[in-house]
J.: 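I'd like to ask some things about the structure below.
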Amino acid sequence: MSTPNSPDRFNEEKAAYAVRGAEQLDLEVGVAAIRNVLNTLPTRPGVYRMTDARGDVLYVGKARALKHRVTNYTQVTRLSKRLQRMVAQTRGMTIVTTGSEAEALLLEAQLIKRYRPPYNVLLRDDKSFPFILIRQDHDFARIQLHRGARRAKGDYFGPFAGAGQVRKTLNALQKLFLLRSCTDSFFKTRDRPCLLYQIRRCSAPCVGRISTEDYAELVADSKAFLTGKSTQVQAKLGQQMTAAAEAMDFELAAVLRDRLKALTFIQGSQAIHADGVGDADVFALAAKQGVIGIEAFFIRGGQNWGHRSFYPTHVADVPEDEVLAAFLMQFYEEVPPARNVFLDRELADAELLAEALCERAGHKVAISVPQRGARRRLMEQAQRNAVEALDRRLAESTTQAKLLAEVADLFDLPAPPDRIEVYDNSHIQGTNALGAMIVAGPEGFRKGGYRKFNIKRKDTVGGDDFAMMREVLTRRFARAQEEDPDRERGEWPDLVLVDGGKGQLGVAMQVLEELGIEDVPVVGIAKGPHHGREGREVFHLMDGREFQLPVNAPVLFYLQRLRDEVHRFAIGAHREKRAKAIGASPLDEVPGIGPARKKALLMHFGTAKAVRSASLDDLKRAPGVSAAVAQQVYDFYHPN
């Protein structure tokens, strides 16, 4: 222990003074960079980006008057420690002016999503929201689950909190409205009803068991139900069942009775009853121990379509109302806003948020804090769920922290790992080979960080697991060295796990050595002497040690979960790749040949082999194929 006058104490104070001096110098350089931009800034609305010495975006902000807002960053004594650190790293700014503050708010959300800046509050959610889609591109509309971009022509109903909620609703809707769920290709090839007709979940339009008009009526009823008019649908079914019974058509009456039961099931399965609320998104925020959780409920047509918990990142020293406002704009980048947005607190920029959401949605969006009645009860339930979900999250985080501490002790790491990467390969006798990487951390699996590696190097044999692992790890870490040599983005692993024994571990160590990487620990997980027995895994370390863990050790269960997750991801990716390969055609290789022309050629010639051997005149005679396209196909297969 150093005394006040000891040399050690003097050296500690000297080092601390040097650090403070360097920080002050960086702060002055950052302020100077901001002042250089100030002279050219207008007082119009817009968006600004703070960038560091490498050009990476540190922060994205919006302003009603750019000059006034950016000036605040030069008054460092009024800034929080977090913003002072940001200014100290700033070496440049990018400015975009907009027509209004609402436009600036929308652009800010887009840029935050694109750049993921380290000083912005970030919505960290890797799952897209599922919708129910009733397509309109067929005489007999198809009902299905939909994710992603909404390009298909049809009516979208959602968002739902998860795919499970959608599938349960779809299952009940099929019983209720008997709409088809099969693909168009399956529909066209039917000559008799499928099993869904036999179990009364489809009306079999594929074989003419229902007319176009009657099916259209079912579609209209389903849309009415999904938009909240379930009472009308229920009354209509009741009348039809009574009429069928009076006409002694007991078979039809039984079908209608089953449909009414399905409707009652859907209504009774609602954990939240929001009669009179209409379409609304409900948000409640809970905060504890520096963690913020936001609970979102989705109400459409007075029906509960589920809820989901969110935990924004980079929230330290940020007021709760600012976190909620930032969350809302990023949330609605992916999801169309409801006409009503209910919050558990007042926001200073509520009117601006509403204006921006209205501009994005194309209809009026009202943001309010419910005070009484059904809306208030709904909000109170959301608040309770937010608190309970956050408590569960913190309890899980504590358990996870203990497990990561055990991982650090087990593998001699300097600290509990923040990022663990796990690697595996998948192929069938060398075909459709690929590598897979999953990522885990203190918050669990980070699915946004998962990666697939198609094995594409000529010197890598698809069935050679060692060569495949070499290619995957080489590509991963060579890219990391190129894109993040200073390791400032948090995307370098603290621990690498490879599925395999000494051989796979040796390959990983050799790759890192060749790349000059000396401080990334690697561990191999082998199945052990009894491949069929869980818990007998052998762990291989870089120093040559190997060991097994007690079969009931919690840290073993955790490592098994990591290994099983990379297996699941690799096998799923391989199946997807194999399915695409099965549906591929040699005509896909011909440049300029799209699906329509490929279909026309195959329909005319029968096989791709016949297309390849066809003469130029024969190609020109194919329907839907122009002379130029025929020449292009012929030249591809008959090069000079």
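Side chains are part of it too, since the values below use all heavy atoms of this structure and drop only hydrogens, waters and symmetry mates.
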J.: What are the two closest non-hydrogen atoms of A284 and M379, and how far apart are they?
T.: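 Looking at all heavy atoms of both residues, the shortest contact is CB-SD, 4.3 Å.
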J.: Does the side chain of I134 come within less than 4.5 Å of S222's, by heavy atoms?
T.: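 Of all side-chain heavy-atom pairs linking I134 with S222, at least one is under 4.5 Å.
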J.: Any non-hydrogen side-chain atom of V318 less than 4.5 Å from a side-chain atom of R82?
T.: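 Counting from C-beta outward, V318 and R82 do come under 4.5 Å.
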J.: Minimum heavy-atom separation for A361 and P337, please, with both atom names.
T.: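 The answer is CB-CG, 3.5 Å.
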J.: For F445 and F569, I'd like to know if the aromatic rings sit close, meaning centre-to-centre distance below 6.0 Å.
T.: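 Judged by ring-centre distance (under 6.0 Å), F445 and F569 do not meet the cut-off.
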J.: Under 3.5 Å, which donor-acceptor pairs do the side chains of residues 176-184 form with other protein atoms, sequence neighbours left out?
T.:
{"from": "R180", "atom 1": "NE", "to": "F140", "atom 2": "O", "distance (Å)": "2.8"}
{"from": "R180", "atom 1": "NH1", "to": "C182", "atom 2": "O", "distance (Å)": "2.7"}
{"from": "R180", "atom 1": "NH2", "to": "F140", "atom 2": "O", "distance (Å)": "3.3"}
{"from": "R180", "atom 1": "NH2", "to": "D184", "atom 2": "OD1", "distance (Å)": "2.7"}
{"from": "S181", "atom 1": "OG", "to": "Q174", "atom 2": "NE2", "distance (Å)": "3.2"}
{"from": "T183", "atom 1": "OG1", "to": "S185", "atom 2": "OG", "distance (Å)": "3.2"}
{"from": "T183", "atom 1": "OG1", "to": "F186", "atom 2": "N", "distance (Å)": "3.3"}

J.: Between the side chains of D344 and R376, is the shortest nitrogen-to-carboxylate-oxygen separation below 4.0 Å, so that they form an ion pair?
T.: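 No, R376 and D344 are not salt-bridged.
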J.: Taking R339's backbone N and O only, do any of them form a donor-acceptor pair with D279's side chain (distance below 3.5 Å, no angle check)?
T.: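 Judged by distance alone, no pair lies under 3.5 Å.
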J.: After noting the C-alpha distance and the side-chain angles of R167 and L145, does the key distance pass the side chain to side chain contact (heavy atoms under 4.5 Å, CB included) rule?
T.: CA-CA 7 Å; R167 292 190 180 98; L145 181 151; 4.2 Å; yes
J.: Any non-hydrogen side-chain atom of L404 less than 4.5 Å from a side-chain atom of I420?
T.: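 Answer yes - side chains close enough.
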J.: Return each pair, listed once, that meets ring pair (Phe, Tyr, Trp, His ring centres under 6.0 Å) where at least one residue sits in residues 322-364; pairs must be two or more places apart or across chains.
T.: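 Listed by first then second residue: F129-F331, F283-F327, F283-F331, F310-F327, F310-F331, F327-F331.
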J.: Minimum heavy-atom separation for L66 to V96, with atom names?
T.: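 Residues L66 and V96, closest heavy atoms: CD1-O, 4.3 Å.
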J.: Using 4.0 Å as the upper bound for N to carboxylate O, is an ion pair formed by R561 and E565?
T.: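 Here E565 does not pair with R561 in a salt bridge, since their nearest N and O are not under 4.0 Å apart.
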J.: Flag the pair T169 / V166 as yes when at least one side-chain heavy-atom distance between them is below 4.5 Å, and no otherwise.
T.: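 Answer no - side chains too far apart.
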J.: For the CD1 atom of I132 and the CG atom of D155, what is their distance to the nearest 0.5 Å?
T.: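 Reported value, rounded in 0.5 Å steps: 12.0 Å.
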J.: Identify, with sequence neighbours excluded, every residue that meets side-chain contact (heavy atoms from CB on, under 4.5 Å) alongside V207.
T.: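 Here the qualifying residues are R190, P193, A204, R209.
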J.: Are K288 and D391 close enough that some pair of their side-chain heavy atoms sits under 4.5 Å apart?
T.: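 A side-chain contact exists here, since the closest heavy-atom pair is under 4.5 Å.
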J.: How long is the span from the CZ atom in F297 to the CD atom in Q381, to the nearest 0.5 Å?
T.: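 Answer for the CZ-CD pair, F297 versus Q381, is 5.5 Å.
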J.: Minimum heavy-atom separation for G306 to A161, with atom names?
T.: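 Shortest heavy-atom separation between G306 and A161 comes out as C-CB, 3.5 Å.
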J.: Looking at CD1 of I112 and CE of M329, how far apart are the two atoms once the value is rounded to the nearest 0.5 Å?
T.: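 Answer for the CD1-CE pair, I112 versus M329, is 9.0 Å.
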J.: At what distance, to the nearest 0.5 angstrom, does NZ of K223 lie from CD1 of I143?
T.: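 One finds 10.5 Å between NZ of K223 and CD1 of I143.
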J.: Counting C-beta onward and ignoring hydrogens, is there a side-chain heavy-atom pair between D424 and R563 closer than 4.5 Å?
T.: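 The answer is no; the side chains never approach within 4.5 Å.
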J.: Sequence neighbours left out, what passes ring-ring contact (aromatic ring centres under 6.0 Å, His included) with Y115? Give chain and number order.
T.: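 ring-ring contact (aromatic ring centres under 6.0 Å, His included) check on Y115 returns nothing, list empty.
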J.: When you look at L390 and Q289, which way does the side chain to side chain contact (heavy atoms under 4.5 Å, CB included) test go after all the steps?
T.: CA-CA 10 Å; L390 182 58; Q289 299 178 20; over 6 Å; no
J.: Using a strict cut-off of less than 4.0 Å between a Lys/Arg side-chain nitrogen and an Asp/Glu carboxylate oxygen, indicate whether K81 and D317 qualify as a salt bridge.
T.: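 Looking at D317 together with K81, the answer is no, because their closest N to O distance does not fall below 4.0 Å.
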J.: Check side chain to side chain donor-acceptor pair (under 3.5 Å) between S211 and all other residues, then give those that pass, not counting sequence neighbours.
T.: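 Result, side chain to side chain donor-acceptor pair (under 3.5 Å) vs S211: D214.
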J.: Donor-acceptor pairs under 3.5 angstrom involving side-chain atoms of residues 347-359: please list them, not counting sequence neighbours.
T.:
none

J.: For Q110, I'd like to know if atom CD has over 12 heavy atoms of other residues, nucleotides or ligands within 6.0 Å.
T.: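 More than 12 heavy atoms, drawn from other residues, nucleotides or ligands, come within 6.0 Å of this atom.
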J.: Indicate yes or no for a side-chain donor-acceptor contact from S368 to the backbone of P370 under 3.5 Å, with no hydrogens or angles considered.
T.: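 Side chain of S368 to backbone of P370, a donor-acceptor pair under 3.5 Å: no, none is there.
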J.: Just do the side chain to side chain contact (heavy atoms under 4.5 Å, CB included) check on T43 and H68 with the steps written out, would you?
T.: CA-CA 7 Å; T43 54; H68 299 159; 4.1 Å; yes
J.: Is it the case that over 12 heavy atoms from other parts of the model lie below 6.0 angstrom from the CZ atom of R393?
T.: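 More than 12 within 6.0 Å, yes.
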J.: What are the two closest non-hydrogen atoms of A440 and Y558, and how far apart are they?
T.: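 Of all heavy-atom pairs spanning A440 and Y558, the closest is CB-OH, 4.2 Å.
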J.: Just jot down the side chain to side chain donor-acceptor pair (under 3.5 Å) partners of D139, sequence neighbours excluded, or say none.
T.: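 Testing D139 for side chain to side chain donor-acceptor pair (under 3.5 Å), a comparison that skips the adjacent residues, returns none.
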J.: Only counting residues at least two apart or in another chain, list the ones meeting side-chain contact (heavy atoms from CB on, under 4.5 Å) with A389.
T.: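 Residues passing side-chain contact (heavy atoms from CB on, under 4.5 Å) with A389: E295, S309, Y311, R392.
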J.: Check the pair R300, D281 against side chain to side chain contact (heavy atoms under 4.5 Å, CB included), reporting the backbone distance first and the verdict last.
T.: CA-CA 8 Å; R300 296 295 183 271; D281 294 331; 2.9 Å; yes
J.: Could you report the tightest heavy-atom contact between P205 and Y215, atom names first, then the distance?
T.: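 Looking at all heavy atoms of both residues, the closest pair is CG-CE1, 3.8 Å.
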J.: Between P117 and D56, is any pair of side-chain heavy atoms under 4.5 Å apart?
T.: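 No, side chains not in contact.
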J.: Using a 3.5 Å distance criterion without hydrogens, assess whether the side chain of Q330 forms a donor-acceptor pair with backbone atoms of L123.
T.: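 Side chain of Q330 to backbone of L123, a donor-acceptor pair under 3.5 Å: yes, one is there.
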J.: What residues, two or more places apart in sequence or in another chain, satisfy side chain to side chain donor-acceptor pair (under 3.5 Å) together with E108?
T.: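 Expected list: none.
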J.: Can you measure from CG (L343) to CG (D321) and round to the nearest 0.5 angstrom?
T.: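 It is 11.0 Å, given to the nearest 0.5 Å.
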J.: Can K62 and E101 be counted as an ion pair, charged N to O under 4.0 angstrom?
T.: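 Looking at E101 together with K62, the answer is yes, because their closest N to O distance falls below 4.0 Å.
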J.: According to ring-ring contact (aromatic ring centres under 6.0 Å, His included), who are the partners of H314, at least two apart in sequence or on a separate chain?
T.: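 Partners of H314 by the ring-ring contact (aromatic ring centres under 6.0 Å, His included) criterion come out as none, since no residue qualifies.
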J.: ring-ring contact (aromatic ring centres under 6.0 Å, His included) with F157: which residues, sequence neighbours excluded?
T.: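 ring-ring contact (aromatic ring centres under 6.0 Å, His included) check on F157 returns nothing, list empty.
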J.: Within the distance-only criterion (no hydrogens, no angle test), does the side chain of E421 pair as donor or acceptor with the backbone N or O of R419 below 3.5 angstrom?
T.: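 No, E421 side chain to R419 backbone: no donor-acceptor pair under 3.5 Å.
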J.: So, do Y197 and R192 sit near enough that their side-chain heavy atoms are less than 4.5 Å apart?
T.: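 In short, these two side chains do not touch, never coming nearer than 4.5 Å.
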J.: When rounded to the nearest 0.5 angstrom, what distance separates CG in L170 from CD in Q144?
T.: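 With rounding to 0.5 Å, CG (L170) is 9.0 Å from CD (Q144).
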J.: Quick one: side chain to side chain donor-acceptor pair (under 3.5 Å) partners of R377, sequence neighbours excluded?
T.: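 Per chain and number, R377 pairs via side chain to side chain donor-acceptor pair (under 3.5 Å) with no residue.
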J.: Do NZ/NE/NH1/NH2 and the carboxylate oxygens of R360 and E333 come within less than 4.0 Å?
T.: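 Between E333 and R360 there is a salt bridge, with a charged N closer than 4.0 Å to a carboxylate O.
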J.: Just by distance, do the side chain of R345 and the backbone of L285 share a donor-acceptor pair under 3.5 Å?
T.: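 Yes: the side chain of R345 pairs with the backbone of L285.
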